[in-house]
Amino acid sequence: MDEKNALTDTQLADLATKNPEAFGLLMERYQEPLFHYIRRITQLPADDIEDLLQEIFIKIYQKLNEYDSALKFSSWAYRIAHNHVIDYFRRVSARPQTNMLEDYEWEKIIHSGIHIEKDIVNKDCVEKIKICIQNLPMNYREVLILRFVEENDYEEIMDILRKPKGSVATLIARGKKILIEKMKENNINCF
Amino acid sequence: MKNLIQDTLNKIKKEHIAPEPRWKFLARKFGAWAALGLIVLLGAVSISVVYYLLSQLDWDMPEFMHQNIFIYGLSVFPYFWSILLGIFIVAAFLSVRKTETGYRFGGLKIISLTIAGIFIIGFIMSAIGFDARFNRVMMRDVPYYAQHTITKETQWMQPEKGFLAGTIRSVSGDELAINDLNGLDWDVQLDNETLVRPSADISQGQMIKIIGTKNGAHNFRANEIRPWVGQGTMGSGQYRDRMNSNGK
């Protein structure tokens with residue numbers, strides 16, 4: 001098992017096509033990150049997230065032969081997760097919400113949108129800003145989460161969302177701009 | 001968190017879930033590239049036929065028709081092929097985006113490379129004469145295509161407007177007997193004012209273009225005679241004055 005732990009994601013993916021047990025190791029590596037990613041972009045309770053995650057892992061397993069090692073395995077896995085979540089919400093005709101972020105995660109987004117010179121004055125401000133972020137369109141919200149909470153670089157976001165770099169940069173810039181505008185509209189000036 | 005990993009592995013084993021075979025993904029991948037190749041090829045055919053249709057027209061005709069060159073251009077423009085070309089460029093763009101790594105390229109880059117590819121292949125098609133052959137097949141075999149395509153033939157078969165083209169059946173003094181492109185016979189009169197372009201060969205069996213006036217059902221007075229191919233200014237580099245002065 002230790003030998004297997006030393007393998008890269010790509011090597012494990014290759015091995016998993018022949019031996020499902022090796023896929024267990026890949027799941028071990030991605031269980032936590034994918035769980036939190038899904039939690040951040042949806043409003044679902046933990047049980048539902050786990051169900052979704054199982055479906056995602058099975059999808060990843062079925063598509064293992066499609067994986068191209070030119071891409072980071074993590075980006076590819078996140079892409080499958082992203083598409084599956086979108087499909088899920090399309091299926092249940094519901095709009096994903098974003099109020100499942102932890103306070104430190106909200107603050108990461110807030111800091112990205114505003115040039116902060118002082119610490120956020122009070123919790124009330126954070127609550128108001130959360131509402132503004134929740135009201136952002138899904139595509140802006142998700143890209144802000146990927147960039148500032150998941151801390152992915154542009155290349156990774158590009159591979160996850162299958163969008164050109166320019167579009168990713170535009171989404172991030174517009175998302176931040178809309179966030180600031182919403183804060184101005186709501187007279188939020190806590191800094 | 002429940003034991004998700006073990007549950008998933010159990011499910012995989014219990015339901016005999018297996019990775020999909022690699023050939024399926026490869027077929028999809030190469031299918032997307034093949035579709036792109038086909039679209040670019042069709043775009044190249046379109047651009048080569050557009051070029052062919054425009055290049056074979058005589059662009060000094062508006063002078064004789066007392067028409068603005070821009071209006072004339074609009075009237076002879078090959079809209080059908082141009083619209084198809086536009087559709088193929090858009091389809092190529094979408095097709096690139098459908099490929100595995102297509103999202104990595106910016107829109108401008110995809111459009112520029114697609115257009116460059118279409119032009120290069122179209123140029124090669126024109127150079128080997130594929131455009132003319134393809135257009136000929138379309139004219140012959142595709143219903144309504146011939147009626148709606150402005151070609152050199154339709155351009156020069158407008159006797160009412162003063163344009164006639166055909167093959168010389170006989171030459172007799174100042175009169176030519178012509179069999180036009182629709183198979184009708186015409187008597188064409190020439191006079192001292194008739195300009196015969198330098199490389200126009202006024203002899204039996206030669207194809208010529210005539211600018212003049214229709215005098216009757218099968219009578220035409222020629223003001224100018226050109227060879228079928230080109231404007232006939234090549235050769236001596238000078239206009240010949242009169243047909244008679246050349247001893248024809």
Side-chain angles (χ1 to χ4, degrees), chain A residues 13-32 34-36 38-39 45-47 49-68 70-71 75-76 79 154-170, chain B residues 1-37 39-40 88-118:
Chain A
D14 191 41
L15 204 60
T17 57
K18 294 143 205 150
N19 175 14
E21 294 299 329
F23 189 62
L25 279 176
L26 269 178
M27 284 195 283
E28 232 170 68
R29 287 182 190 178
Y30 285 95
Q31 179 174 254
E32 287 285 313
L34 286 179
F35 179 89
H36 290 298
I38 298 166
R39 174 180 61 78
D47 282 351
I49 296 174
E50 284 183 8
D51 290 344
L52 264 183
L53 190 54
Q54 188 177 60
E55 289 169 13
I56 288 165
F57 276 140
I58 288 175
K59 208 170 244 184
I60 290 175
Y61 181 67
Q62 286 175 316
K63 286 172 175 265
L64 276 177
N65 278 320
E66 189 184 352
Y67 171 59
D68 177 358
L71 209 68
S75 302
W76 184 72
R79 179 195 291 176
Y154 278 46
E155 298 277 331
E156 287 168 324
I157 299 173
M158 204 169 98
D159 290 334
I160 293 167
L161 302 179
R162 281 181 63 91
K163 285 187 189 298
K165 205 171 190 173
S167 304
V168 170
T170 306
Chain B
M1 196 181 284
K2 64 187 179 189
N3 196 344
L4 183 75
I5 296 172
Q6 202 47 54
D7 286 355
T8 309
L9 285 177
N10 290 343
K11 190 172 173 157
I12 285 173
K13 284 174 192 163
K14 194 177 156 198
E15 296 180 16
H16 305 290
I17 297 168
E20 285 183 36
R22 191 162 179 76
W23 67 263
K24 269 193 187 176
F25 300 116
L26 289 177
R28 212 174 297 153
K29 187 175 168 181
F30 290 119
W33 284 108
L36 173 65
I39 290 166
V40 169
F88 289 134
I89 290 173
V90 173
F93 174 80
L94 296 175
S95 185
V96 171
R97 278 284 157 85
K98 284 270 173 204
T99 60
E100 188 60 25
T101 50
Y103 64 88
R104 286 171 171 256
F105 307 109
L108 193 66
K109 194 172 183 180
I110 296 175
I111 293 282
S112 313
L113 287 175
T114 304
I115 292 177
I118 285 174

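Chain A is the first sequence line, chain B the second, and so forth, proteins listed ahead of strands; every chain is numbered from 1.
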How many angstroms lie between atom [atom1] of [X] and atom [atom2] of [Y], to the nearest 0.5 angstrom?
{"X": "A:F57", "Y": "B:I12", "atom1": "CZ", "atom2": "CD1", "value": "10.0 Å"}
{"X": "A:Q54", "Y": "B:D7", "atom1": "CD", "atom2": "CG", "value": "6.0 Å"}
{"X": "B:L4", "Y": "A:F35", "atom1": "CG", "atom2": "CZ", "value": "9.5 Å"}
{"X": "A:L71", "Y": "B:E100", "atom1": "CG", "atom2": "CD", "value": "7.5 Å"}
{"X": "B:K13", "Y": "A:E21", "atom1": "NZ", "atom2": "CD", "value": "3.5 Å"}

Checklist entry - So with a 6.0 Å cut-off around NZ of B:K98, is the heavy-atom count from everything else above 12? => result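 Atom NZ in B:K98 is not packed in, count stays at 12 or less.
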To check you understand the geometry: which heavy-atom pair defines the closest contact between [X] and [Y], and what is its length?
{"X": "B:A18", "Y": "A:Y61", "value": "CA-CE2, 3.9 Å"}
{"X": "A:E66", "Y": "B:F25", "value": "OE1-CE2, 3.2 Å"}
{"X": "A:N65", "Y": "B:P19", "value": "ND2-CB, 3.9 Å"}

Next on the checklist: Working note: A:M27 + B:L9, criterion side chain to side chain contact (heavy atoms under 4.5 Å, CB included); need CA distance, chi angles, decisive distance, verdict.
Outcome noted: CA-CA 10 Å; A:M27 284 195 283; B:L9 285 177; 3.7 Å; yes
Next on the checklist: Between A:I60 and chain B, with a heavy-atom cut-off of 4.5 Å, which part of the residue counts as in contact: side chain, backbone, both or neither?
Outcome noted: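 Neither part; nothing is under 4.5 Å.
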Checklist entry - Among A:Q62, A:R162, A:M158, A:K63, which residue forms the greatest number of heavy-atom pairs with chain B at distances under 4.5 Å? => result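 Heavy-atom pairs under 4.5 Å are most numerous for A:R162.
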Item to check | Contact leader toward chain B among A:D68, A:L64, A:D159, A:T17, where contacts are heavy-atom pairs under 4.5 Å | outcome: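 Of A:D68, A:L64, A:D159, A:T17, A:D159 has the most heavy-atom pairs under 4.5 Å with chain B.
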Next on the checklist: Applying salt bridge (Lys or Arg N to Asp or Glu O under 4.0 Å) to B:K11 and A:E55, what does each step give before you reach the verdict?
Outcome noted: CA-CA 10 Å; B:K11 190 172 173 157; A:E55 289 169 13; over 6 Å; no
